[in-house]
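What follows is a short report on a single structure.
A note on names: the letters A, B, ... follow the listed sequences, proteins ahead of strands, and every chain is numbered from 1. As the structure is a prediction and not an experimental result, all values here were calculated from the model.
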2 protein chains.
Amino acid sequence: MTQSTSPEPARVAVSTVIFSLRRTDDSAPAELMLPLVRRTRDPFDGLWALPGGWLDPAEELEDAASRTLAETTGLSASYLEQLYAFGGVDRSPARVVSIVYWALLRADEVDAQVAAHAAQGDAPENVEWFDAASLPRLAFDHNEIVEYALWRLRSKVGYSRIAHGLLPPEFTLAELREVYESILGRRLDPANFRRQVEGSGTLFPTDRFRTGSHRPARLYRYDPDVELAERGPLTARH
Amino acid sequence: MTQSTSPEPARVAVSTVIFSLRRTDDSAPAELMLPLVRRTRDPFDGLWALPGGWLDPAEELEDAASRTLAETTGLSASYLEQLYAFGGVDRSPARVVSIVYWALLRADEVDAQVAAHAAQGDAPENVEWFDAASLPRLAFDHNEIVEYALWRLRSKVGYSRIAHGLLPPEFTLAELREVYESILGRRLDPANFRRQVEGSGTLFPTDRFRTGSHRPARLYRYDPDVELAERGPLTARH
DNA sequence: GCAAAAGTGTTTATATTACACCCATGT
DNA sequence: ACATGGGTGTAATATAAACACTTTTGC
């Protein structure tokens, strides 16, 4: 409880929690992963931290999140949602208010973006993907922030169709169900899941099939008219 | 679209949307009202704005919200929840990131606090209560902010027990139902409402009754162990 | 044919809704 | 006594859960 009475005004930073669903080894359930950046200066030199940076004076908050995410990790997400503003006095030696965004990114998008950077020779340094369920001690209050992002993700998957953000445009119902199972951490009945999601009217069946080791599964796509997630009146602000 | 490329770093402000439920005339349905403060300087001199102010360098965000609310309106709320961080480049001539909080306040608490200030001779100036459904043009982007706060209130009343924040410790089921009806803007079946809320296990019946013009209604109180609203892992941060 | 996943059907339990009806009190 | 809101009962409907079963492919 060191009441730091710094006379310096608070600076505004922006960070992003960006989740992807990856399987470490094949035939294992997919895990929620997120990229972290190793700090190369004090405070918390050497510890892992969320990608982020300072807000530019003439830059929208969401743009700052996109920019700093790209600068630190080379990744770009099509959809960012504000998570929370963290402004505790003692979360950093200097007074920093962090506006945190969160986003989902498909595994194949991550792979493509990483490959593109590798080909161009501008692969980002000090970036690594971590299992969201077993993180090391992170810099600042970033462990707390990830916990809160996970909570929001889990509660939002129930009433929103954000699972879409982790899937390619066409997918089987089993793939969709696996996303839900990974996020919620429990198995779902395939039959009931199918009925619920088919009955919601947000999915289109295509006439293509995913041919696998057994009976082919029909591919579906999301209705593009339906919003990715409900954000209320703020959605118009883009 | 004036891209103000101000070199000044963003300053952090805090504002509060604080709702109360009041009936303008008796025997009319209660309306959601909120206090606004008339600006006495540019920008937006003369327009009404949300209570708020600058974040002090050594002050927690929530404390800043409480403090500025008290300084501008004389009101104090026991429960504040972060709503959103508004940081648009053009929302103010200077670059301001506003962390907005929202809260609920009982009508009788408002009356008591107003009376206390009047007795002490430090009644706040330039404060007025407005019907949330029909606001004038407000300063900055505050109309948008109130709209968003209303949306959050309405969606949260469904899965949380925030209605409590608008009621005295003991209340009848009809009073509770009226709160829900005012927030949701539609009538609810008294019989079904009773069963739902009784079945939720968050209410204790007392052995006291509200004696009115007709059959006395039993008074209930909320189970104090149950959280006012679910905020996930952040609840521990107080 | 057999294993395994896709997809359908059926039954049961549980919530939601609508609305009829009785109860207790002030006037 | 009667009007009025408090409070209970009940039937119809919708939704969720559990699980048996059939279908279609690769091997």
Side-chain angles (χ1 to χ4, degrees), chain A residues 23 26-30 154-161 163 167-168 170-222, chain B residues 21 23 26-30 154-155 157-161 163 167-168 170-222:
Chain A
R23 52 187 84 252
D26 226 38
S27 81
R154 292 204 179 97
S155 52
K156 202 141 193 176
V157 82
Y159 62 87
S160 184
R161 13 154 303 188
L167 287 171
E170 298 196 340
F171 48 85
T172 68
L173 291 185
E175 289 163 356
L176 179 62
R177 178 166 46 83
E178 197 192 1
V179 170
Y180 276 82
E181 289 176 343
S182 294
I183 293 175
L184 297 176
R186 61 190 168 91
R187 314 309 306 272
L188 300 173
D189 183 302
N192 295 332
F193 181 82
R194 161 183 301 273
R195 263 183 298 256
Q196 268 182 249
V197 83
E198 275 180 337
S200 74
T202 56
L203 284 190
F204 287 146
T206 71
D207 44 6
R208 291 166 30 82
F209 289 82
R210 169 98 68 234
T211 167
S213 52
H214 296 289
R215 173 174 176 178
R218 181 179 295 276
L219 291 172
Y220 289 77
R221 43 172 57 251
Y222 267 110
Chain B
L21 214 49
R23 51 188 86 251
D26 226 39
S27 82
R154 293 204 178 98
S155 53
V157 82
Y159 62 87
S160 182
R161 13 155 302 191
L167 287 172
E170 299 196 339
F171 48 87
T172 68
L173 291 185
E175 289 163 355
L176 179 62
R177 179 165 46 83
E178 197 191 2
V179 171
Y180 275 82
E181 289 176 342
S182 294
I183 292 174
L184 298 176
R186 62 191 166 90
R187 315 310 304 272
L188 301 172
D189 184 303
N192 295 331
F193 181 82
R194 160 183 301 273
R195 263 182 297 255
Q196 267 182 253
V197 83
E198 275 181 337
S200 74
T202 56
L203 285 190
F204 286 146
T206 71
D207 44 8
R208 291 168 27 84
F209 289 81
R210 169 98 68 234
T211 166
S213 51
H214 296 290
R215 172 175 174 178
R218 182 180 295 277
L219 291 173
Y220 289 77
R221 42 172 57 253
Y222 269 109

Annotated protein contacts, base or backbone, on nucleotides 5-15 of chain C with a non-hydrogen cut-off under 4.0 Å, one of B, S, - each: -BSBBB-----

Any donor-acceptor pair under 3.5 Å from R187(B) side chain to E181(B) backbone: no

Gap between atom [atom2] of [Y] and atom [atom1] of [X] - 0.5 Å precision:
X	Y	atom1	atom2	value
R177(A)	F171(A)	CZ	CZ	13.5 Å
Y222(A)	L203(A)	OH	CG	5.5 Å
F193(B)	L173(B)	CZ	CG	7.0 Å

Spacing between [X] atom [atom1] and [N] atom [atom2], to the nearest angstrom:
X	N	atom1	atom2	result
E178(B)	dG6(D)	CD	C1'	15 Å
L188(A)	dA18(D)	CG	C1'	14 Å
F193(B)	dA18(C)	CZ	C1'	17 Å
R210(B)	dG26(C)	CZ	P	15 Å

L184(A) versus R154(A), closest heavy-atom pair with distance: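 Heavy atoms of L184(A) and R154(A) come nearest at CD2-O, 3.9 Å.
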
Whether over 12 other heavy atoms sit under 6.0 Å from R208(B) CZ: no

Sugar-phosphate only, base, or nothing, as touched by G212(A) at under 4.0 Å among non-hydrogen atoms: sugar-phosphate

